[in-house]
A.B. asks: 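Pasting in a structure now, in structure tokens, and then I'll have a few things to ask.
Per chain, numbering begins at 1; letters A, B, ... match sequence-line order.
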Number of protein chains: 2
Amino acid sequence: MLNSRIMTSRFSTRPLYLQVRDALAERIAGGEWKLGTAIPNESDLARQFGVSPGTMRKALDLLEAEHLLTRRQGRGTFVNDQASEELAVRYSNIRGGGGERVGGDVQLLSIAEGPVSESECLRLRARMHERVHRIRRLRLSEGRPYMLEEVVMPAALFPGLSEQVPSHRIVVLAQQFGVLLGKGEERITIASASPDVAGALQVEPATPILNLDRVVYTFDGRPAEWRLGRCHLSDEYYLAEFK
Amino acid sequence: MLNSRIMTSRFSTRPLYLQVRDALAERIAGGEWKLGTAIPNESDLARQFGVSPGTMRKALDLLEAEHLLTRRQGRGTFVNDQASEELAVRYSNIRGGGGERVGGDVQLLSIAEGPVSESECLRLRARMHERVHRIRRLRLSEGRPYMLEEVVMPAALFPGLSEQVPSHRIVVLAQQFGVLLGKGEERITIASASPDVAGALQVEPATPILNLDRVVYTFDGRPAEWRLGRCHLSDEYYLAEFK
DNA sequence: AAGTGGTCTAGACCACTCA
DNA sequence: GAGTGGTCTAGACCACTTG
């Protein structure tokens, strides 16, 4: 309906296709469309929003590039299930010897809510006195522990997370809480396993390990997770891609 | 002129905007436009190629996403200098403590041409009996050696490379030889410095190091370089990004 | 055959840069 | 004020998928 168009564009110079994208992203995050199902075709959507088909197309193409939608010629436009196998790979760059994603079991070691520390503030761009969830887990591949994780997530985005047994996959958690994920970055260094890390990973103390220091941001650029992974690889490797 | 349009599209079902992109990419690779200068505006180009402005725009936007052009509203469309500081970062993910790109000196240890080995065939998707250049270099940051590199490049793409003292930056080399670079991937593992690697890096034998196993492809997907880097980081870290 | 997204056209108007 | 790329429109036709 014309309503949407007027509401979004009258008082803003922000490009129309971005306003439309944001509005569609909100519908997706809010779960108004069922995962994996087709949404209305682009000319219907264009009419609904009171914009031209070309503008609607530009918004939809953007959302596809941002991994929220999948478009298929002759079939339709579908809402992506972020927990699907294809998209789960997105923030996990560890690959097995054959190039496949490393799955495996996960042990939850601890989970608690508390106020942010100073170092967490820097990484999560949080204000002092904000609250965060802290999770420790151990990831195993075929029974062998290969990564010890310390995860920090803002309570503002994931309220009440510590009261449940949360999924160990950030894409699943984000979907549960209606948070859309966007870019991320990971800093990799070599370190030496401290006694307790070595204990958890079942290696000798001082064994060389990879430190994976990762921040994942939301769709609109707010930090959603800081994860420090201590990683002991055997066959596996870390895969970085240049686009 | 109408000529281009007819030649490119008459006998092909490949989308017009891709044909136009390829034609423009060839002009850029061939050095027909000077680096850093503005090319004709999009309506002139559209007329030249006999396509609509919208189609030309789509081709130009693609080339910008592929790092060959830069477009600036009100100024024009410019041919990117691949050796510029911004683009040099593209295939080099090592960052200093402050997040800046690591520059520094480079020592050329050896360079020679020869037939591909079996392992090189796999990585470079080369046919047996093709020829390659092999380069060994040492990279230093503020006088300290931090990476020993073994580089293999197909002689088909870089003819006569071994007869010169080549640049140590792949983006510069590619530009010299009219090769357009595209995607790449890097596999990261932990290793232990062998005696000769340790000697070159001036560390104790068996010091833990990063192995960076990288393949860079051309614009049209042919392998252009295989590089094995043995890397001893101190302050620096490896930065991987999720898009 | 009907419906979808993908391509292509041919404009208009706006925002920005620079002389 | 002239020239550039950025946005937006309103269609037509094509390629593909499905009933």
A.B. asks: Check the distance between D:dA10's P and A:K58's NZ and give it to me in whole angstrom.
C.D. replies: 16 Å

A.B. asks: Confirm from the modelled atom types if A:R57 and C:dG5 form a donor-acceptor pair under 3.5 Å, side chain to base only.
C.D. replies: no

A.B. asks: Are any of the side-chain heavy atoms of A:H168 and A:R139 separated by less than 4.5 Å?
C.D. replies: yes

A.B. asks: Separation of A:R47 atom CZ from C:dT4 atom C1', in whole Å?
C.D. replies: 14 Å

A.B. asks: Quickly work out the A:D61 CG to C:dG6 P distance and round it to whole Å.
C.D. replies: 7 Å

A.B. asks: Report yes if some heavy atom in the side chain of A:V172 is under 4.5 Å from a heavy atom in the side chain of A:Q176; otherwise report no.
C.D. replies: yes

A.B. asks: Is it the case that A:R72 places NZ or CZ above or below the six-membered ring of A:F78, under 6.0 angstrom from the centre and within 45 degrees of the axis?
C.D. replies: yes

A.B. asks: Is the distance from OP1 or OP2 of C:dC8 to the nearest side-chain N or O of B:Y17 less than 4.0 Å?
C.D. replies: no

A.B. asks: Side chain of A:S52 only, please: which of D:dT9, C:dT9, D:dG5 is the nearest?
C.D. replies: D:dT9

A.B. asks: B:R14 has an atom CZ; how far is it from atom C1' of C:dT7, in whole Å?
C.D. replies: 14 Å

A.B. asks: Does B:R14 reach the side chain of B:D22, with side-chain heavy atoms less than 4.5 Å apart?
C.D. replies: yes

A.B. asks: Return the value, rounded to whole Å, for the distance between atom CD of B:E42 and atom C1' of C:dG11.
C.D. replies: 13 Å

A.B. asks: Do the side-chain N and O atoms of B:Q175 and B:D81 include a donor-acceptor pair separated by under 3.5 angstrom?
C.D. replies: yes

A.B. asks: Kindly point out which of C:dG5, C:dT9, D:dC8 is positioned nearest to the side chain of A:N41?
C.D. replies: C:dG5

A.B. asks: Establish, yes or no, whether the cationic atom of B:K58 lies under 6.0 Å from the six-membered ring centre of B:Y17 and within 45° of the ring axis.
C.D. replies: yes

A.B. asks: Determine the interplanar angle of the A:F158 and A:F177 rings, folded into 0 to 90°, and report it as parallel if under 30°, tilted if 30 to 60°, perpendicular if over 60°.
C.D. replies: perpendicular

A.B. asks: Rounded to whole Å, how long is the line connecting atom CE of B:M56 with atom P of D:dG6?
C.D. replies: 14 Å

A.B. asks: Does C:dT9 have OP1 or OP2 sitting under 4.0 Å from an N or O in the side chain of B:T55?
C.D. replies: yes

A.B. asks: For A:R71 and D:dC16, give me the distance from atom CZ to atom P, rounded to whole Å.
C.D. replies: 17 Å

A.B. asks: Can you tell me which nucleotide in C:dA10, D:dT7, C:dG6 comes closest to the side chain of A:P15?
C.D. replies: D:dT7

A.B. asks: Expressed in angstrom and rounded to an integer, what is the separation of A:R21 atom CZ from D:dC8 atom P?
C.D. replies: 13 Å

A.B. asks: Does any residue of residues 72-80 of chain B have a heavy atom under 4.0 Å from DNA chain C, and if so, which ones, in number order?
C.D. replies: B:Q73, B:G74, B:R75

